[in-house]
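All chains are named by letter (A, B, ...) in the order of the sequence lines, taking the proteins before the strands, and each is independently numbered beginning at 1.
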2 protein chains.
Amino acid sequence: MSRTAPTAALNLAKEATRKTPQNDRIYEEMLAAILEQRLAPGTKLSEDTLGEIFDVSRTVVRTVLQRLAHERIVQIQPNRGAFVSEPSPEEAREVLQARRLIEEGVIRLAAKRRTEKDINDLRQMVSEEQQSLDSGNHQAWVRQSGDFHLKLAKIAGNQTLTAYIRELVSRTSLIIVQYQKGNLSSCSCDEHTEIIDAINGGNEELAAELMISHLNACEDQLSLQNESPESDLFAIFSKTSNS
Amino acid sequence: MSRTAPTAALNLAKEATRKTPQNDRIYEEMLAAILEQRLAPGTKLSEDTLGEIFDVSRTVVRTVLQRLAHERIVQIQPNRGAFVSEPSPEEAREVLQARRLIEEGVIRLAAKRRTEKDINDLRQMVSEEQQSLDSGNHQAWVRQSGDFHLKLAKIAGNQTLTAYIRELVSRTSLIIVQYQKGNLSSCSCDEHTEIIDAINGGNEELAAELMISHLNACEDQLSLQNESPESDLFAIFSKTSNS
DNA sequence: AAACCCCATATTGTCTACATATTTTATTTA
DNA sequence: TAAATAAAATATGTAGACAATATGGGGTTT
């Protein structure tokens, strides 16, 4: 009975976000569409078209596009429009580097703060990942794999870092869409399980090493050897035009 | 003469950002106003008023406010308006924790990649910091101190991490405005100098330790013992109302 | 006199219209 | 026929108008 403050504060927080549901709804739908590969990288996102689809004016669409642009999921070219981002190999390496750096720290925090329930939740998530992998549901696996890393950030208990990881995970999904070579190896779930075991045992150092190895393995599964599009053009034509 | 691609790509990049200067100009001005404490935390940012000040419509103002909101410099309350953020002590601790985590990694990268010019630039920046400190120019010092950390991120060479640090530095400035107790200690410049010496010597481990200590020292200079506003209210009145 | 309700006012959320920039297409010329 | 140019069409950038929501004051009721 005493101390209703937390509940009140929570309700207040919910109240604060209860409105502008249109923005959020459209944002979620567009993000999902991009991450589930229904919108390929490079696709033009016409304001009029999107407005018609979601039955809102361009004003609302622009708000959503600007939000997605800030998260680097779409790129806005002034006076030309918004496009689904096509991360360059350099950008891909950068994102993975940032993830190694941040998630190494996050996993150490998570190892310190994890509860029994957290461990159970994580194991449950890996189990579902494995199911998607077994059934060949690539899209679901990419999303669930990202959710696993996001859950670790939430366990670490820092909202700022969680927001950054959410962003990086989204961008990674986009990168995987573009650069994944061949089929995905099934070892990923095992790596996730190893990480759970490490933080369950409170072994920060091991957990950190496993996380870095895991992200390195992810990067190794990508074909990032090629240069950026423009440079490619010059490289491709230099043989004939420069001779 | 051969390989004009990089230059072409650079020009293209400049072209891409040459427009929408209005957004950027107003964004920069508002950010400066907030970080220089001309707009205090909690200040209502009326769309009409700002539109009148900058001589643009609310459309443009809203775009800028949404951008600042995404960077957590302003808070948008639906149907109520935008306000300069008032970071809670919890949020302050979170930001400093995120900075320790990210900047430890960044300083290691910077130590690996720094050039002679970088070191000179950094020493020059610290020198200017010292001048502002000596002349009692608090505002300039806060900005320059942030620029130092931002420069380190640029040396590390990861644009994603640089963007995150820029955001965290801005938020830290806002936090300092709210929670700095007493005068600022002059040791900060010395700490920056020590960090430069460490990365100049290529001593990653030392540089990382110094950076963490430095950020801890920053946090220790803040008065973060109080709880968040809401909780405060309940704590304050619980003695009388609950008896 | 105090508390409550309703309405007036002001501000934000959204839509539509117009201005400006880009892209496409059609026409002209070499 | 192909290239270049001009004009039309299309899309984005901005402004202003209307709708919805929150705030504050005045009046009524107990």
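- Following rounding to the nearest Å, B/Q77 (CD) and C/dT11 (C1') show an atom-to-atom distance of 13 Å.
- The only option from A/R72, A/E94, A/E91 that meets the side-chain hydrogen bond (donor to acceptor under 3.5 Å, both in side chains) definition with B/T160 turns out to be A/E94.
- Between B/G81 and A/S57, the residue whose closest nucleotide on DNA chain C is further toward the 5' end is B/G81.
- Applying the side-chain hydrogen bond (donor to acceptor under 3.5 Å, both in side chains) definition to pairs two or more places apart or across chains, those involving residues 31-42 of chain A are A/E36-A/R38.
- Counting only N and O atoms by type, the side chains of B/S85 and B/Q75 include no donor and acceptor under 3.5 Å apart.
- Residue B/D118 is tested with B/K154, B/R113, B/K151 for a salt bridge (Lys or Arg N to Asp or Glu O under 4.0 Å); the sole match is B/K151.
- For B/E52, the CD atom counts as loosely surrounded, since its 6.0 Å shell holds 12 or fewer non-hydrogen atoms of other residues, nucleotides or ligands.
- Between B/D24 atom CG and D/dT14 atom C1' the separation is 16 Å, expressed in whole Å.
- A/Q66 has its CD atom 15 Å from the C1' atom of C/dT14, to the nearest Å.
- By the 6.0 Å contact criterion, CD on A/Q159 is open, its count of non-hydrogen atoms from other residues, nucleotides or ligands being 12 or less.
- Residues from residues 41-53 of chain A that place a heavy atom under 4.0 Å from any atom of DNA chain C: there are none.
- Protein atom CG of B/L65 is 14 Å distant from nucleotide atom C1' of C/dG13, rounded to whole Å.
- Counted by atom type alone, A/Q22 and A/Y27 present zero donor-acceptor pairs between their side chains at under 3.5 Å.
- A straight line from CZ of B/F83 to P of D/dT23 spans 9 Å, rounded to a whole angstrom.
- For A/Q22, whose side chain is taken as the heavy atoms from C-beta onward, the closest listed nucleotide among D/dA22, D/dG16, C/dT14 is C/dT14.
- Distance CZ (B/R62) to P (C/dT12): 8 Å, rounded to an integer number of Å.
- Counting only heavy atoms from C-beta on, A/R58 has its side chain closest to D/dT14 among D/dT14, C/dT22, C/dG13.
- Remark: A/R80 is not in phosphate contact with D/dT12, judged by side-chain N or O atoms under 4.0 Å from OP1 or OP2.
- When the P atom of C/dG13 is taken as reference, atom CG of A/D55 falls 20 Å away, rounded to whole Å.
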